[in-house]
Structure formats: structure tokens, C-alpha cells
Amino acid sequence: MLEIAIIRDHFDQAVSGLAKRNIKDAGHLLSEVLDLDKKRRETKTSLDSLLAEANAKSKEIGRLIQAGEKEQAKQFKQETSDLKNQAKDLQDQFNLLVNKQQEALYNLPNIPNRKVPMGNLASENELVEEWGDFPTLDENALPHWNLINTYDIIDFDLGNKLTGAGFPVYKGKGAKLVRALVNFCLDQAEAAGYLEIQPPIVVNETSGLATGQLPDKEGQMYAISDSNYYLIPTAEVPITNIYRDTILDVEDLPVKNVGYTPCFRREAGSWGADVRGLNRLHQFDKVEIVQINHPEHSYHALDEMCKHVASLLQQLELPYRKLNLCGGDLGFTSAQTFDFEVYAAGQDKWLEVSSVSNFETYQTNRLKLRCKGLDKKNFLLHTLNGSALAIPRILAAILENNQFLHGIRIPEVLVPYTGFDTVSK
RNA sequence: GGAGAGGUGACCGAGUGGUCGAAGGUGCUCGCUUGGAAAGCGAGUGUACCCCACAAGGGUACCGGGGGUUCGAAUCCCUUCCUCUCCGCCA
């Protein structure tokens, strides 16, 4: 949720920022919010003074009763009662305005950082880095959804039997590869100073609201019936919510957490012919890095997190490209996002394996995650997160890029984790 | 799942309708004291919003969450969540 103070104090910047997202009437939307805010404050002011008067009279009643002046007290009671009735109406008005303002703010996306490029389509994302050479494959090279059958390491039919589409069963070396990748990612993050967290993978409604999955994106999460619990779509939700309603000290910063969790996504409506095999799943494994940082250092942290992701991909020998997402492609809550895509040679496609974002105060405003400054004043912190990494697509690229005639070579860095260097029949 | 107890500020812990944003203690900050430290003494020490210059100052709300009774509630009533103890069940 945007801070009302930002809209109030930097109106023009907010308008031009939102314009990058192709929101045409941004100026109109924002002035509406400011109008509501103005009314809200005016109502608050008169409500408060009414209540102040009623409180003063109430106290007086206490004194009058003790002094035995019953008649006077009786009259004050009546007066106070009237005041309270007026206050009640104002209170209702005030609550209505608060809700309206909040709703309006919920519907406004984050303001893109000024380095976010203009653009509407994914094709307009800015290529900022490219690494690695494309593998040269045999002409009989296969996409991973064929390879996994050949070597019997991942079984979609079985998953279908147990659950449904998008819930694969990993077997033998397939299962081992997943475990190896998770452990590799966790170890790398730990070495980079991240504290490992193993959170619940089921969260309540409050948590979903705080990180913004609710109320607008219910379609993304699986809800558990007969409770207000949800399966998490990413470890970001439980890990970030650890810090909901907290005030950190400057010395606590930066907070760096990493967590491995399965992630569950309904992906309602996004199932298509181009989404095969491991490219898009309803359940998948992901290692997520999260940082909470001082506003002055958050963009440095964003850079640091990108370098971390790049290092993982390089060690895994996967050719990748890094994209600075344009306004139109930017996630609702993000101020700036870099996507990492690896090249999967078997299907000749770039697969998004990591998305690293700075949310600035957009999340912390709802989370009420603040920091006590040296001047004793509280201010909102910045949150950042990124996948490091999304396992199935990494696995897909490894399988495809390292295939040879009778097997698949495992990247060297993974061998200590897998215990084998080749997948073969 | 059954029975009972309880949720108060950073922490411990008073408070059963009026002057309680909340006694007392601990912790923390600043000052005095000291060669230095400890002890001691004094002052301060929550969050959000509103007025105002985001100053000083003032106001409102908040004693797990929500609702109610009352002129007035941390205190009474309803509801919900959570914690603890005992019993049962169980990886």
C-alpha cells in the first residue's frame, strides 16, 4: 500500500511514476485519494474535539456526584449523551472514509523507481546483462519433458493419478537432483550471510493481506476449506510476515533471511499450450531470499541480491540474461524488478528462474514494519526479495543443456550434493 | 477432543465502573555522585492518527481482536483468537 504521505508530498512524481505503468488517469486517481484524505482529516478533527468535550463533561459528572450535586449531574448526563450521539454519527462517517481511502490505496500499484524503463510489453524489458554461451546440441536433442521420460526421473502421469495436472512426482535421480539444488541454494545463501528460516507453508488471512496476496489475488492461492488458511504461493509470505507489526533498531539492519519451501499456485487461467513439463506447476520448490533494509541502502541491497542470483547461475553453468522490467511488466507491489531468465536449449526458450524486487515501503506500510531512528522517530523500512532459485525450471534447463547421446551431465558444483555426475539409463 | 485457568506497556506485575495511558519493580536513556566502576539520588522512557511549521504545545484512540451496556470500562456482558494446566489421542 502506497504511503499517503508520498502522494501528498510528491504528487507530480507519483503521477509520472504511475504513468509508466500505463495508468492513464493516474493524476485523477491520486487526487481522488487526496480528496478522501482531506475529508478524513477534517472529520477526524471535529470528531476528536467532540469527544474531548464529552470526556471533559464525563469527568465532571464524577465530581458532581461525589459532591452530591445530583441535579447538575443529571443535566450533564443528558448533554454528554447528546454529544455522544453526535460523535457516533461522525465516527461512522470517519470509518467510512478510512475504509474508502484504504480501498483506494489498495488499488494503486507501487510507484516505479525512476530507473524503470518505459514500456508495456515483456519485449520492452531492458536487457542489462547476458552471460554464458548457448550449448551446441545434437540435432536429436530433446526438451526436458521427453528427457524425464527417457531417464524415468520425473513422472507427470503419476502426479496426475495422485493429485492432478501440475503436481509431478520426482523419482530416483530426479528426486535427488531437486534435493541437491535446494541444498546448494541454501548453502550459498547461508555463505552470503542469510539466516535460514523454515516457516509454515500454511498461513492465515492476516498474513496474506499484509504481503498483498489478499484480497485481490485469491485466484493465486489455494484456500483450505473450513478455515481461513492458505497454502503459500512463495516463502515471501511467511518470512516477510515474521516482521509484521515490529519496530526494529538500526543495528538490526539489514535483516537477511533465506527459506526453502514448496510453493503452491493455482495459476487460474494461465494454463496454455506453451506451458509444458516443468515450465509451470501447481506445486514447486523454491529457495527465497528476503532482505529488510534501511531506505538509504535498499537499492544497494537489490544489486547485491542480483549478484547473488547471477553467481548461482554461473556456478550451475547456465546461460542467462538479466532484465530490468519495464513499467508495464512490473509486478503490482514492486518499485523495481530484475528478472533472470536461463536459456533452455532443448525447447529453445528463456525460462524465468528468478525475480528480484525492491518493494520500498509498499509492503512495510501494510506490515507496519518500522525502524526506530536515532532521533527516536519511527520510519518505514524497505523490503526486498528474490528467488534464489526456482528449482523446476533450473532443473529443466540443466537437463536440456547438458544432454548428450546417452545421458545428462550434472554440473560440477552439484556433484557433491547429488553423489553422481551423470543421469543415464 | 473433554475439564479448568489466563491474555495489561521492552519485561515482571498491580489494578473489578470515574481523577488510569494505566501503581510498583526490572530494564533502558540522560544528569548528579566517583580516580574509575558498582551502589545511591533525580529526571525521562509505548504506538497510531488529528490540530500545528513533520518545532513547542494540545487533542483522540489503543490494557489479545471484534461488538455491546453506561454520562463514563483495563474493569460488566457477548463473541472470537491465542496461551497455560490436567485428562484423552497421536507422528
Base, sugar-phosphate, or nothing for [X], non-hydrogen atoms under 4.0 angstrom?
X        : result
Ile61(A) : base
Ser58(A) : base
Leu47(A) : nothing
Lys84(A) : sugar-phosphate

Rounded to the nearest Å, what distance is computed from the [atom1] atom of residue [X] to the [atom2] atom of nucleotide [N]?
X         : N      : atom1 : atom2 : value
Leu51(A)  : C49(B) : CG    : P     : 18 Å
Asn228(A) : C81(B) : CG    : C1'   : 10 Å
Lys376(A) : C30(B) : NZ    : P     : 9 Å
Gln91(A)  : C62(B) : CD    : C1'   : 13 Å
Glu42(A)  : C52(B) : CD    : P     : 10 Å
Met1(A)   : A48(B) : CE    : P     : 14 Å
Arg8(A)   : C54(B) : CZ    : C1'   : 10 Å
Leu97(A)  : C49(B) : CG    : C1'   : 14 Å

Give me the distance, rounded to whole Å, that separates [N] from [M] when you measure between the [atom1] atoms they each carry.
N      : M      : atom1 : result
A39(B) : C30(B) : P     : 15 Å
G88(B) : A23(B) : C1'   : 43 Å
U45(B) : G25(B) : C1'   : 15 Å
A73(B) : G15(B) : C1'   : 13 Å
A10(B) : C28(B) : C1'   : 9 Å
C62(B) : U75(B) : P     : 10 Å
C12(B) : A53(B) : C1'   : 42 Å
A55(B) : A14(B) : P     : 38 Å

Pairing nucleotide - [N], Watson-Crick or G-U, each distance under 3.5 Å:
N      : value
C49(B) : G59(B)
G17(B) : none
G24(B) : C12(B)
C84(B) : G4(B)
C54(B) : none
G40(B) : C32(B)
U69(B) : none

With rounding to the nearest 0.5 Å, note down the distance linking CD in Gln291(A) to OG in Ser298(A). 9.5 Å
Measuring from Leu147(A):CG to Ile153(A):CD1, what's the distance to the nearest 0.5 Å? 7.5 Å
How do Lys57(A) and Arg63(A) order along RNA chain B: which one's closest nucleotide is nearer the 5' end? Arg63(A)
For Lys377(A) and for Ser81(A), locate the closest nucleotide of RNA chain B by heavy-atom distance; then report the residue assigned to the nucleotide nearer the 5' terminus. Lys377(A)
Between [options], spot the one nearest the side chain of [X], thanks.
X         : options                : result
Thr45(A)  : C51(B), A48(B), U60(B) : C51(B)
Lys372(A) : C50(B), U47(B), C71(B) : U47(B)
Asn378(A) : C50(B), G18(B), A48(B) : A48(B)
Lys59(A)  : G59(B), U19(B), A61(B) : U19(B)
Ala52(A)  : C82(B), G59(B), U19(B) : G59(B)
Ile247(A) : U47(B), G21(B), C49(B) : U47(B)
Arg41(A)  : A48(B), G18(B), C50(B) : C50(B)

Report yes if a side-chain nitrogen or oxygen of Asn55(A) is closer than 4.0 Å to either non-bridging phosphate oxygen (OP1 or OP2) of C71(B); otherwise report no. no
OP1 or OP2 of A48(B) sitting under 4.0 Å from any side-chain N/O of Arg370(A)? yes
What residue among Leu351(A), Val356(A), Leu323(A) forms side-chain contact (heavy atoms from CB on, under 4.5 Å) with Phe340(A)? Val356(A)
Give the minimum heavy-atom separation between Leu253(A) and Ile292(A), together with the two atoms involved. CD2-O, 3.8 Å
Would [X] and [Y] count as having a side-chain donor-acceptor pair, cut-off 3.5 Å?
X         : Y         : answer
Gln75(A)  : Glu69(A)  : no
Thr43(A)  : Gln93(A)  : no
Asp155(A) : Tyr170(A) : no

Test side-chain hydrogen bond (donor to acceptor under 3.5 Å, both in side chains) applied to Glu360(A) and Tyr299(A), step by step: CA-CA 9 Å; Glu360(A) 298 191 0; Tyr299(A) 278 94; 2.5 Å; yes
